[in-house]
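Below is one structure, written out as structure tokens; the observations come after it.
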Number of protein chains: 2
Amino acid sequence: MPKKILFIMCDQLRFDYLGCTGHPSIKTPNIDALAARGVRFDKTYVQSPICGPSRMSFYTGRYVHSHGSSWNGYPLRVGEMTLGDHLRPLGVRTVLCGKTHMIADLAGMARMGIDPTSETGALLAEGGFEVWDRNDGVVPDGARKQPSHYNRYLNDHGYEGPNPWHHAANSGKSDAGEVLSGWLLKHASEPAAVAEEDSETPYTTTRAIEFMEQARDESWCLHLSYIKPHWPYIVPAPYHDMYSADDIIPVKRSDMERDDPHPLMAGYYGYRYSQAFSREDVRRAVIPAYMGLITQIDDQIGRLMTYLSDSGQLDDTLIVFTSDHGDYLGDHWMGEKELFHDQSARIPLIIVDPSASADATRGTVVTDLTEAIDLVPTFVEYFGGTVPDHILEGRSLLPAVRGDATSPRAYVISEYDYSTRPFLRHLSPNAKSCLLTMVFDGRWKMIWVEGHRPMLYDLETDPDEFVDLGTDQAYAAEITRLSAAMFAWARRQHNRVTLSDDKIDNDMCHDDAVEGVYLGFWDATELDAWKADNKPATE
Amino acid sequence: MPKKILFIMCDQLRFDYLGCTGHPSIKTPNIDALAARGVRFDKTYVQSPICGPSRMSFYTGRYVHSHGSSWNGYPLRVGEMTLGDHLRPLGVRTVLCGKTHMIADLAGMARMGIDPTSETGALLAEGGFEVWDRNDGVVPDGARKQPSHYNRYLNDHGYEGPNPWHHAANSGKSDAGEVLSGWLLKHASEPAAVAEEDSETPYTTTRAIEFMEQARDESWCLHLSYIKPHWPYIVPAPYHDMYSADDIIPVKRSDMERDDPHPLMAGYYGYRYSQAFSREDVRRAVIPAYMGLITQIDDQIGRLMTYLSDSGQLDDTLIVFTSDHGDYLGDHWMGEKELFHDQSARIPLIIVDPSASADATRGTVVTDLTEAIDLVPTFVEYFGGTVPDHILEGRSLLPAVRGDATSPRAYVISEYDYSTRPFLRHLSPNAKSCLLTMVFDGRWKMIWVEGHRPMLYDLETDPDEFVDLGTDQAYAAEITRLSAAMFAWARRQHNRVTLSDDKIDNDMCHDDAVEGVYLGFWDATELDAWKADNKPATE
């Protein structure tokens with residue numbers, strides 16, 4: 001049986017909403033079973049705490065600073081190599097089922113004469129994925145339309161109208177038949193007006209199994225990318241009332257946070273969704289639905305594992321379970337994501353390697369710092385390729401999974417570009433400088449805010465990240481140290497992507513005279529002496 | 001008559017080897033006349049003091065850190081926009097006659113299904129230029145072959161053999177008929193074994209005039225790119241003995257420089273060509289030939305101006321005269337280029353704008369700091385385009401040429417990647433870290449040497465750059481200040497190239513709810529209140 005990777009991603013799943021990561025009440029037995037069979041990377045951070053740029057880093061193996069797609073809808077420049085570009089030469093189909101948030105660089109493609117409908121063009125336009133089924137999430141009525149297989153599926157299954165994805169799968173229904181939009185938070189506790197098996201998560205799983213079934217004899221990397229538990233926060237029965245407000249963990253926030261906050265935080269506190277999630281009635285309505293969406297995913301993971309086992313593929317398939325970012329859910333007086341507290345920037349990551357060489361690590365937890373960009377090199381190595389480390393900026397996790405010695409990284413980097421956020425734009429003179437950068441060394445977390453003072457948290461003495469030490473002179477040395485780390489990171493070569501280190505070392509680093517470029521010789525005597533000591537390649 | 005740009009570049013022409021830049025004995029009346037008719041930018045620095053990366057910055061308008069082609073032969077990633085990509089949409093043919101040092105990213109093109117022989121593919125492979133005639137410089141016998149129109153021209157004009165470019169145009173001939181290779185420095189004073197009108201500089205000029213003549217009625221930007229006065233240092237009669245050793249300016253070097261030097265400098269001092277150019281017999285043989293090559297270029301500039309004037313194009317053609325880097329010629333105990341002393345990193349730059357709006361500045365000298373990357377935005381603006389400042393990292397010089405107020409830049413950046421230099425590789429653990437970065441603010445010049453201490457020169461008290469202050473604690477504050485500037489530069493968004501600031505500000509920076517993404521609303525009452533105050537685009 002050929003080697004395979006099932007690369008499962010959830011959207012907006014917090015690191016701490018799983019049984020295996022310590023949530024006291026949520027039921028995720030199938031995901032916990034993955035952790036028991038594999039290795040859980042406990043300190044994993046995304047490269048940007050929002051869908052688009054985070055995913056572009058997952059798919060390119062490069063920092064946002066490098067790939068440049070710094071916010072949702074900012075097209076990924078054509079030619080930026082993606083997972084598929086790295087795996088296809090290894091004979092691996094790289095296939096999408098679900099969400100990517102990829103926006104094609106159509107202007108770049110046109111400039112280079114690439115037809116987006118050609119085979120190559122379609123891959124470039126889809127972030128290198130062969131699209132089995134793409135669903136980036138529900139589009140509300142009246143907003144930008146995108147074609148959707150899922151809407152057609154719903155129509156075929158008796159849900160009528162132009163957009164049942166919205167009015168059935170992501171809305172409740174009143175006794176009078178009125179649509180109770182899942183976009184409104186008060187409706188989070190309603191059951192979605194869809195049969196459970198027709199809702200997004202089972203639909204996507206079904207489609208994934210269809211792919212795996214017809215590709216049983218091939219080598220593939222399937223990106224199964226669930227659009228949940230991302231909002232709209234609404235879930236069908238029986239998950240809608242599986243959890244009650246009594247099951248939710250207490251909010252993590254402190255009045256200290258709102259006492260003379262950094263202007264960046266003040267901007268976020270003032271925004272509508274932060275204010276909404278600061279309300280207890282919102283949390284009590286939304287979080288049980290969020291938990292139900294997660295348990296629904298967990299059940300589908302169980303279904304996937306049964307399929308892989310029954311079809312004899314389990315022993316040849318590397319399984320990855322992760323998320324693209326978290327969700328504040330009212331913690332730190334915020335909703336949504338976008339900043340760098342653990343609730344937003346830290347994600348679950350589990351890798352189950354079927355190889356015998358990984359037997360010794362099963363059920364263990366790695367606490368070394370890990371980044372989303374580590375997955376592409378992991379996948380390349382799993383399929384036997386050479387990791388092109390002049391392009392990929394992460395490092396393979398296979399050694400850790402197989403119990404080999406690794407040197408932990410000193411810090412993780414995460415970035416955020418707030419140029420589209422009207423409630424923050426007073427902080428920057430222009431779109432270029434709307435840059436936030438997190439540098440976290442496992443204890444100290446610095447947030448560099450371009451044009452403003454940095455923020456600083458000490459997660460050892462303040463694990464909840466309530467106390468911003470950025471103005472405290474007692475900690476100036478930490479900021480200096482983390483800034484130096486950020487400077488070192490920023491000045492790296494991020495763009496010398498056409499030539500490997502090996503090629504430079506072996507083919508290009510030599511005396512010019514080796515190629516007959518005779519620099520610095522006065523006369524034939526000097527040149528002949530050099531030739532006697534060296535063997536010019538070209539004579 | 002349509003607007004035109006004649007973009008003239010010399011190769012390895014030092015800033016101070018022109019009459020108008022203060023050389024006491026060289027004859028460059030035609031270039032001096034350009035300076036008298038236009039504006040001379042006195043403090044212009046290249047983005048890298050070596051051909052390939054310097055030119056890739058000239059052609060892309062971006063720092064080496066951004067375009068990634070950091071040494072000769074490191075392919076420019078396909079899709080990196082070049083001058084032609086910016087000018088063609090403005091209706092301007094962008095044409096090459098001479099050298100570019102462009103190496104195509106053939107692997108990237110193959111990955112994207114781009115045929116290098118297609119019309120688009122040929123442009124991408126040639127750095128965006130329509131090739132009228134490309135000659136990257138003489139290839140010695142036995143080295144990599146490249147097709148050459150010039151060799152064919154020489155064959156057609158009676159110079160026989162497979163490579164008369166080498167044995168005739170770049171070699172002398174003894175009385176016994178023996179080839180005296182111009183690659184050997186002792187032959188620099190020989191006349192090249194070629195008729196003057198058949199040598200490289202007149203040939204390239206002739207070809208350029210052929211282009212201009214057949215494109216008189218079109219709008220174009222012609223990159224006339226001379227491969228001289230770059231080595232081999234040999235020139236035909238009458239230029240070979242136009243200058244004698246008495247005409248050369250004294251060597252600029254100090255014993256202080258070799259007293260406990262920075263390890264980077266020690267590496268350079270030890271290399272063969274530095275040692276060669278530290279010899280007075282080498283300087284006395286080579287520099288008169290170098291000067292003759294420059295005066296030969298000057299005569300060809302005169303020929304070009306006569307052609308433009310006679311053909312009625314002079315009043316519609318912006319003329320730029322510059323170079324891709326300098327030449328140590330023994331100064332600082334070095335030959336060649338590669339480091340950041342003014343002899344290497346500073347270049348001449350003259351812009352003659354035919355517009356009446358530039359009349360007030362004719363003959364003036366701008367002393368503000370200028371970078372090579374300023375030319376692409378200058379050209380875009382000259383042809384009436386909008387400068388895409390999310391891609392281009394320089395700034396248009398047209399305001400300065402037209403006497404408008406400008407805010408000078410605070411510092412210039414130049415970079416060098418020494419990964420191919422065997423005599424320096426002991427300084428770096430790998431190819432990735434062979435990075436040097438100059439930050440120069442007009443007085444203080446810092447050279448950041450990755451993994452080693454920085455070097456520092458004060459050009460006010462030490463205009464010859466003899467005294468490295470990098471170890472002197474009295475100047476630590478200057479290094480801190482310039483490092484902070486470099487950090488600010490390094491953390492800029494260099495890669496968000498697919499989306500303009502205007503597009504972000506006007507189309508993307510708004511409340512999510514404008515697009516029907518109703519985040520943070522509890523119920524219809526809250527949503528309706530928001531709608532009453534706002535006008536959703538999609539309702």
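Only heavy atoms go into these numbers, but all of them, side chains included; no hydrogens, no water, no symmetry mates.
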By a 4.5 Å heavy-atom criterion (distance strictly below it), what part of [X] contacts chain B: side chain, backbone, both, or neither?
X: A:Ser69; value: neither
X: A:Ala524; value: both
X: A:Thr120; value: side chain
X: A:Trp522; value: both
X: A:Leu519; value: both

Based on non-hydrogen pairs under 4.5 Å, which of [options] is most in contact with chain A?
options: B:His187, B:Lys186, B:Arg272; result: B:Arg272
options: B:Gln493, B:Arg496, B:Lys432, B:Met508; result: B:Lys432
options: B:Trp231, B:Trp489, B:Phe423, B:Trp71; result: B:Trp231

Among [options], single out the residue with the greatest number of heavy-atom pairs under 4.5 Å to chain B.
options: A:Asp105, A:Asp389, A:Val64; answer: A:Asp389
options: A:Asp85, A:Leu435, A:Leu185; answer: A:Leu185
options: A:Leu124, A:Asn430, A:Thr437; answer: A:Leu124
options: A:Ala276, A:Gly113, A:Pro75; answer: A:Pro75
options: A:Asp417, A:Val497, A:Asp512; answer: A:Asp512
options: A:Arg492, A:His67, A:Met81; answer: A:Met81

Between B:Arg279 and A:Glu526, does any NZ, NE, NH1 or NH2 come within less than 4.0 Å of an OD or OE carboxylate oxygen? yes

Only one of B:His65, B:Glu415, B:Glu450 clears side chain to side chain donor-acceptor pair (under 3.5 Å) with A:Arg491; which? B:Glu450

Could you state the interatomic distance from [atom1] ([X]) to [atom2] ([Y]), rounded to the nearest 0.5 Å?
X: A:Tyr273; Y: B:Asp511; atom1: OH; atom2: CG; result: 9.5 Å
X: A:Arg425; Y: B:Ile504; atom1: CZ; atom2: CD1; result: 7.5 Å
X: B:Arg421; Y: A:His510; atom1: CZ; atom2: NE2; result: 9.5 Å

Just grab all the salt bridge (Lys or Arg N to Asp or Glu O under 4.0 Å) pairs involving residues 63-74 of chain B, residues at least two apart or on different chains. none

